[in-house]
Amino acid sequence: MQERWSSGRLIVLTGPSGVGKGTLLKALMKRHPELYLSISATTRAPRPGEVDGQHYFFLSRAEFQALIEQGELLEWAEFAGNCYGTPRRPVEAAVQEGKWVILEIELEGARQIRHTFPEALRIFVLPPSMHELEHRLRGRGQDSEEAIARRLERARAEINAADEFDVQVVNDDLSVALERIERILFPAADEPAETAIALNEIALNEKVKTP
Ligand code: ADP
Ligand code: 5GP
């Protein structure tokens, strides 16, 4: 990344639907407005309160397919019946300006980024338990029963791949998880980045493994 795209940095945040990625990122962006959060394209319908161009670019299947064919997506994947992808140009422009760009994407997209940008820092967010994940998905109250079932099924596969990521963060207490992410991104001056990551790996012990 440094060599290819000047001093910017790419950060990938992945974790099962409902684990709290959006909540964590909202808090992180509030505390660090200098970070650049990539806005994805999706064929999913907007949820109540979601704004086109702010939460996602909401596209038809045909529009999404055209972006793929034009090579305009940095990565893309299907998730629970819809397509999601990262528009290439805004991310490239931000990194070229030296910004730290965050991609909040699912597992397949994160794997693509691992191949295309091995320098990217990849963080996986884990739930404290599957029970709590289901509770959060339902509590959000924005997905149908069918969508919840598909998301839980996908969650098991994603959680089992958590080891592929550079660091894992358990989102049990929100402020603790936020602090861990901050320490990974912004280690204290007297604390090497490796130490911050090692500290964070304590979370591995609490990791939720599914059969
Ligand atoms: P994601 O973006 O990963 O799909 P959300 O950020 O939408 O998940 O969070 C799903 C639900 O879980 C929301 O209702 C949110 O308020 C709640 N939530 C997020 N983090 C926590 C936490 N640490 N403890 C309890 N509830 C949480
Ligand atoms: P949701 O429908 O809950 O907003 O998102 C469903 C899943 O799609 C989440 O795991 C989210 O991280 C992922 N996602 C959002 N944008 C992208 C993207 O641009 N690319 C990929 N691969 N996944 C994405």
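Given the structure is predicted, the values throughout are model-derived calculations rather than measurements. In each ligand, atom 1 is the first atom listed, and ligand 1 is the first ligand listed.
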* Any idea which residues sit under 4.0 Å from ligand 2, heavy-atom distances? ->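 For ligand 2, the residues that come within the 4.0 Å heavy-atom cutoff are Ser17, Lys21, Ser40, Arg44, Arg47, Tyr56, Glu75, Ala77, Phe79, Tyr84, Gly85, Thr86, Glu104, Ile105, Glu106, Gly109, Arg151.
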* Are any of the side-chain heavy atoms of Val101 and Arg9 separated by less than 4.5 Å? -> no
* Close side-chain approach of His55 and Ile39, heavy atoms under 4.5 Å -> no
Charged N-O contact under 4.0 Å between [X] and [Y]:
| X | Y | answer |
| --- | --- | --- |
| Arg138 | Glu145 | yes |
| Arg44 | Glu50 | yes |
| Arg47 | Asp143 | yes |

* Asked: Is Glu179 atom CD crowded by more than 12 heavy atoms from other residues, nucleotides or ligands, each under 6.0 Å away?
  ->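 For Glu179, atom CD is not crowded (no more than 12 foreign heavy atoms under 6.0 Å).
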* Asked: Does ligand 1 have an atom that lies less than 4.0 angstrom from a heavy atom of Gly15?
  ->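 It does not, in that no heavy atom of Gly15 comes within the 4.0 Å cut-off of ligand 1.
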* Structure fact -> the protein heavy atom lying closest to atom 8 (O) of ligand 1 turns out to be Gly20 N, 3.1 Å
* What protein heavy atom is closest to atom 10 (C) of ligand 1, reported as residue, atom name and distance in Å? -> Gly18 O, 3.5 Å
* Quick one: does ligand 1 sit under 4.0 Å from the side chain of Asp172, the backbone, both or neither, non-hydrogen atoms only? -> backbone
* Asked: Going by the order shown, which atoms of ligand 1 are within less than 4.0 Å of some heavy atom of Gly22?
  -> 1 (P), 2 (O), 6 (O)
* **Atom indices of ligand 1 within 4.0 angstrom of Leu174 heavy atoms, with elements** =>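 Matching atoms, with element in brackets: 20 (N), 23 (N).
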* To do: From the options Val12, Thr14, Thr86, select the one residue that forms a side-chain contact (heavy atoms from CB on, under 4.5 Å) with Ile113.
  => Val12
* Asked: Out of Leu126, Leu24, Ile184, which residue meets the side-chain contact (heavy atoms from CB on, under 4.5 Å) rule with Val169?
  ->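 Of all the options given, the one that passes is Ile184.
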* Has ligand 1 got any nitrogen or oxygen that is less than 3.5 angstrom from a nitrogen or oxygen of Gly139? ->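 No.
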* Using distance alone, determine whether Asp173 and ligand 1 share an N or O pair under 3.5 Å. => no
* Asked: Run the salt bridge (Lys or Arg N to Asp or Glu O under 4.0 Å) check on Glu146 and Arg150 step by step: do they pass?
  -> CA-CA 6 Å; Glu146 195 215 343; Arg150 292 174 91 161; 3.4 Å; yes
* To do: Applying salt bridge (charged side-chain N to carboxylate O under 4.0 Å, His left out), name anything that partners Arg111, two or more places apart in sequence or on another chain.
  =>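 Once residues adjacent in sequence are excluded, the partners of Arg111 under the salt bridge (charged side-chain N to carboxylate O under 4.0 Å, His left out) criterion are Glu108, Glu164.
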* Should one rank Asn171, Thr23, Leu13 by closest heavy-atom distance to atom 20 (N) of ligand 1, which comes out on top? -> Asn171
* Considering Arg140, Arg136, Glu132, which one's heavy-atom position lies nearest to atom 18 (N) of ligand 1? ->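 Minimum heavy-atom distance to atom 18 (N) of ligand 1 goes to Arg136.
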* Asked: Just by distance, with hydrogens left out, do Gln96 and Glu92 show a side-chain donor and acceptor under 3.5 Å apart?
  ->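 Per modelled atom types, Gln96 and Glu92 side chains form no pair under 3.5 Å.
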